[in-house]
Amino acid sequence: MTVRVVLADDQTVVRAGFRALLDLTEDLVVVAEAADGTQAVEAVRLTRPDVVLMDIRMPGVDGIEATRRIAADSDLDGVRVLMLTTYQIDEYVFEALRHGAAGFLLKDVEPDALREAIRTVAAGQSLLAPAVTRAVVQEFARLRRPEAAGAERLAALTEREREVMGLVAAGLSNEEIGRELLMSPLTAKTHVSRAMTKLRARDRAQLVVLAFETGLVRPGEQAPLLPRE
């Protein structure tokens, strides 16, 4: 499968570097470039790519707002946004994840890691594996009070779904959740999918953010486990 990519960055040299790298990869193709958020949204609507490499900080409409517009457009449900940032700890990363980004990468990412990241999000997965992602979420969740309606939103979930959601926020994969809760990875995936549907989370990245925002998980903590039967 060929993954179609839109590059959005206000620096021409950065876009040229990424394009040169992706042009050397058989299964990745750049279908459009954009110098700001407005152009990025227009390019996405025109080309319907699989993945957008989106710089967070751009003049005018920035990457966060562009991501929000893409995520809010039902016609673009299949488009995944991978944020690019220069800093490991960036307050804008948390907002980007809240608004639908599938994950983020540092701009100095190694070529192979970049290619694999694009393939990962194109396949419908979230790029949450790097510890720096969880560090950003935890740090900026720590600076925000849990939303007042957190308990009300979580009421839609079963106890098991809340438990699984907490483990997702702790960085566990479906396989790891299955081992922790003595269930199959497929069952764990089903619980994750149901929690995402009930909370209207676009992907696992948003589920992690919601776990912190609603107070289900507090920074540095993991949701308590239910007694095993």
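Counting only residues at least two apart or on different chains, the side chain to side chain donor-acceptor pair (under 3.5 Å) pairs with a member in residues 12-30 are Arg15-Glu33, Arg19-Glu33, Thr25-Arg115, Asp27-Arg119. For residues 182-200, every residue pair satisfying the salt bridge (Lys or Arg N to Asp or Glu O under 4.0 Å) rule, not counting sequence neighbours, is listed here: Glu161-Lys198.
Every residue two or more places apart in sequence or in another chain was checked for a side-chain hydrogen bond (donor to acceptor under 3.5 Å, both in side chains) with Thr47, and none qualifies.
Between the CZ atom in Phe18 and the CG atom in Leu28 there is a gap of 12.5 Å [rounded to 0.5 Å]. One distance of note links CG of Leu84 with CG of Asp9; it measures 7.0 Å at 0.5 Å rounding. With rounding to the nearest 0.5 Å, the separation of CG in Leu199 from CD in Gln206 is 10.0 Å. Atom-to-atom distance recorded for Thr120:OG1 and Leu82:CG is 9.0 Å, nearest 0.5 angstrom. One finds the CG atom of Leu76 at 6.5 Å from the CZ atom of Arg45 (value rounded to the nearest 0.5 Å). Here the straight-line distance linking atom CG of Asp108 with atom OG1 of Thr85 works out to 10.0 Å at 0.5 Å rounding.
For the pair Met54/Ile70, a side-chain contact is recorded, criterion being any heavy-atom separation below 4.5 Å from C-beta on. Side-chain contact between Val52 and Val79 is present, with at least one heavy-atom pair separated by less than 4.5 Å.
With Arg68 contributing its side chain and His99 its backbone, the two residues share no donor-acceptor pair below 3.5 Å. Remark: side-chain polar atoms of Glu116 are not paired, donor with acceptor, to backbone N or O of Ala113 under 3.5 angstrom. Arg4 contributes no side-chain N or O that, together with a main-chain N or O of Asp50, makes up a donor-acceptor pair within less than 3.5 Å.
Using a cutoff of 4.0 Å between basic side-chain nitrogens and carboxylate oxygens, Lys107 and Asp55 are scored as salt-bridged. With respect to Arg69 and Glu65, a salt bridge is recorded, a charged nitrogen being found less than 4.0 Å from a carboxylate O. Residues Asp10 and Arg57 are not paired through a salt bridge, judged by the lack of any N-O separation under 4.0 Å between the basic side chain and the carboxylate.
Using a 4.5 Å cut-off between side-chain heavy atoms of Ile, Leu, Val, Met, Phe, Trp and Tyr, with links allowed through other members, Val29 and Val6 fall into the same hydrophobic cluster. Met183 and Leu207 fall within the same hydrophobic cluster, defined by Ile, Leu, Val, Met, Phe, Trp and Tyr side-chain heavy atoms under 4.5 Å apart, directly or through other members.
A donor-acceptor pair shorter than 3.5 Å can be found between the side chains of Arg204 and Asn174.
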